Number of protein chains: 2
Amino acid sequence: MHAALQHEPLTRSGEDYLKAIYRLSPAGRTASTSEIAHRLELSPASVSGMVKRLSEQGLLEHVPYKGVQLTADGRRAALRMLRRHRLIEAYLVAFLGYTWDTVHEEAERLEHAVSDKLVERMAAVLGNPAVDPHGDPIPTPEGDIHEPASIPLSEVPAGARVEIRRVEEGQPERLRYIASVGLRPGVHIRVLDRQPFQGPITIEVAGRTHVIGNELGQVVRCASEQE
Amino acid sequence: MHAALQHEPLTRSGEDYLKAIYRLSPAGRTASTSEIAHRLELSPASVSGMVKRLSEQGLLEHVPYKGVQLTADGRRAALRMLRRHRLIEAYLVAFLGYTWDTVHEEAERLEHAVSDKLVERMAAVLGNPAVDPHGDPIPTPEGDIHEPASIPLSEVPAGARVEIRRVEEGQPERLRYIASVGLRPGVHIRVLDRQPFQGPITIEVAGRTHVIGNELGQVVRCASEQE
DNA sequence: ACTCGGAGTTAGGATTGCCTAAACGTGGGG
DNA sequence: CCCCACGTTTAGGCAATCCTAACTCCGAGT
Ligand SMILES: [Mn+2]
Ligand SMILES: [Mn+2]
Ligand SMILES: [Mn+2]
Ligand SMILES: [Mn+2]
């Protein structure tokens, strides 16, 4: 009953737009032209143009001057790209000596060039992982995704013990610093102290104490230890 | 003294043009517009246009109405692409369950998306192979290539024993048939009979006799058994 | 309600890369 | 030696994707 209209194949650009819009509009919220432009490092005018084209292809719902949302088809396409991106990252780290701070750039290009077949082969030799090297969940081939609840480290109350779940990719140097502190998905830490007004956060990682800025605390997401 | 002028980065199309021209102009010969057009499945007019652009970038030598040759820089760029293409093929076969009839298409896209770093990582885990799954030699990172002498199976005299060296890629079905006969790089065979006027060729492979058409004999290249 | 300032869109232009149709050059056959 | 057929180039178009500049809309604050 659905999916009767097959879309013309997406371009590289179109794929990146849909991914960006997915990340910018969680839970049915709306993404703005300037947010998209900022994320993709393009002018707002260029985004207006592409948004119009993707809407005509049935991938976006666009209310002029208001914002953009993915349609069911657009969401499907976005999740397909997310699966590719994250599996490629996982593969490069597992088999080709990449580290989590260098995979993103490579995956950003490869995600557009691999076939479905290659993606699924990589998934198979990896043992169908649930998350990528940054802790981001990998959608299924059918387009389902399970985003476990998590809160930024900067919002964890002092005294709590938590597990690191996800670290925002995209800035290699920041990732390298975060790794040097020992903060990686799966690591258990304790928050010793948190100063008000975006103040520094004191944590204990593997028996050692570190003080990190609030900005870093916002890109490291955690969950309580149970579960 | 050379390479002072750095070229603007090649586009996907440009990379494919240079590869095609390399294959079409062995030993300093010249490639024609229509040959290039045929190989890339484009119109001759489109080729004229791109040839002009690549010449302006210093990658081609073009004599209008006569033909095209690679400059030193163009040759370097072409061999870089050939290294990528062939290493990707070797990697996919070695580690991701691809067979020699399916790798070409995947490599044709990936060759434009991988970084130098990824290519060299693949080369390293492969142990720096000298040839790809079709027996085609892999250029070095410095752009040297060693093309061992070989002759088409269709020109091997009856009675000779030869080793299969290279099989032309590009037509999956043909490769599948050739594989079913047992003709792969490294295999030793004997030519039992060769009929004149592009007639069929009778060969012995692994103790079994096969008769193949002359066309197939032209895309399978061999060398004498010593060395 | 009115008015700005900022966000968003439209207008116009450049580049790349492809096409078809028309014009042009070249070399071989008559 | 000339002319024509074929291969090549040029002319003119189109689609995608980006840009800057100019215009338009919206809503926050008075
Ligand atoms: Mn991308
Ligand atoms: Mn990631
Ligand atoms: Mn290619
Ligand atoms: Mn090959």
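Quick caveat, the model's predicted, so the values are computed rather than measured. Throughout, a chain's letter reflects where its sequence line sits, starting with A, and its residues are numbered from 1.
- Residue contacts for A:S13: at a heavy-atom cut-off of 4.0 Å it reaches the sugar-phosphate backbone alone, with no base atom in range.
- With rounding to whole Å, B:E35 atom CD is found 18 Å from D:dC6 atom P.
- A donor-acceptor contact closer than 3.5 angstrom links the side chains of B:H85 and B:H104.
- With B:R83 as reference, B:E120 is the one residue of B:E142, B:E120, B:E111 to meet the salt bridge (Lys or Arg N to Asp or Glu O under 4.0 Å) rule.
- Heavy-atom nearest nucleotides on DNA chain D were determined for A:M50 and for B:G67, and the one closer to the 5' end corresponds to B:G67.
- For the residue pair A:E106/B:S115, the side-chain donor-acceptor check at 3.5 Å is satisfied.
- Note on A:S46: a base of the nucleic acid sits closer than 4.0 angstrom, heavy atoms only.
- Nucleic acid contact for B:H62: sugar-phosphate only, since backbone atoms but no base atoms lie under 4.0 Å from a heavy atom of the residue.
- Considering only the side chain of B:K66, C:dT26 comes nearest among C:dG17, C:dT26, C:dT10.
- Between A:R53 and D:dT17 there is a side-chain polar atom (N or O) within less than 4.0 angstrom of OP1 or OP2.
- Spacing between atom NE2 of B:H112 and atom P of C:dG17 amounts to 12 Å, rounded to whole angstrom units.
- Remark: the B:E89 side chain and the B:H134 side chain contain an N/O donor-acceptor pair separated by less than 3.5 Å.
- If you find the closest nucleotide of DNA chain C to B:P64 and to A:S32, the one lying nearer the 5' end belongs to A:S32.
- B:D101 and B:T99 are linked by a side-chain donor-acceptor pair at a separation below 3.5 angstrom, with hydrogens and angles left out of the test.
- The NZ-C1' distance, from B:K52 to C:dC18, rounds to 16 Å in whole Å.
- Within 4.0 Å of A:S34, counting heavy atoms only, lie sugar-phosphate atoms of the nucleic acid but no base atom.
- Between B:H38 atom NE2 and D:dG7 atom C1' the separation is 15 Å, expressed in whole Å.
- Considering only the side chain of B:A45, C:dT20 comes nearest among C:dT20, D:dC19, D:dT8.
- Here the C1' atom of nucleotide C:dT16 and the CG atom of B:L42 are 13 Å apart, to the nearest Å.
- What separates CG of A:D16 from P of D:dA16 is a distance of 17 Å, to the nearest Å.
- Residue B:T33 is classed as a sugar-phosphate contact, given heavy-atom separations below 4.0 Å to backbone atoms only.
- OP1 or OP2 of C:dC19 has at least one side-chain nitrogen or oxygen of B:S43 nearer than 4.0 Å.
- The side chain of B:T11 sits closest to C:dG17 out of D:dT8, D:dT20, C:dG17.
- A straight line from CG of B:L54 to P of C:dC18 spans 10 Å, rounded to a whole angstrom.
- A:Y17 places its OH atom 11 Å from the C1' atom of D:dA16, with the value rounded to the nearest Å.
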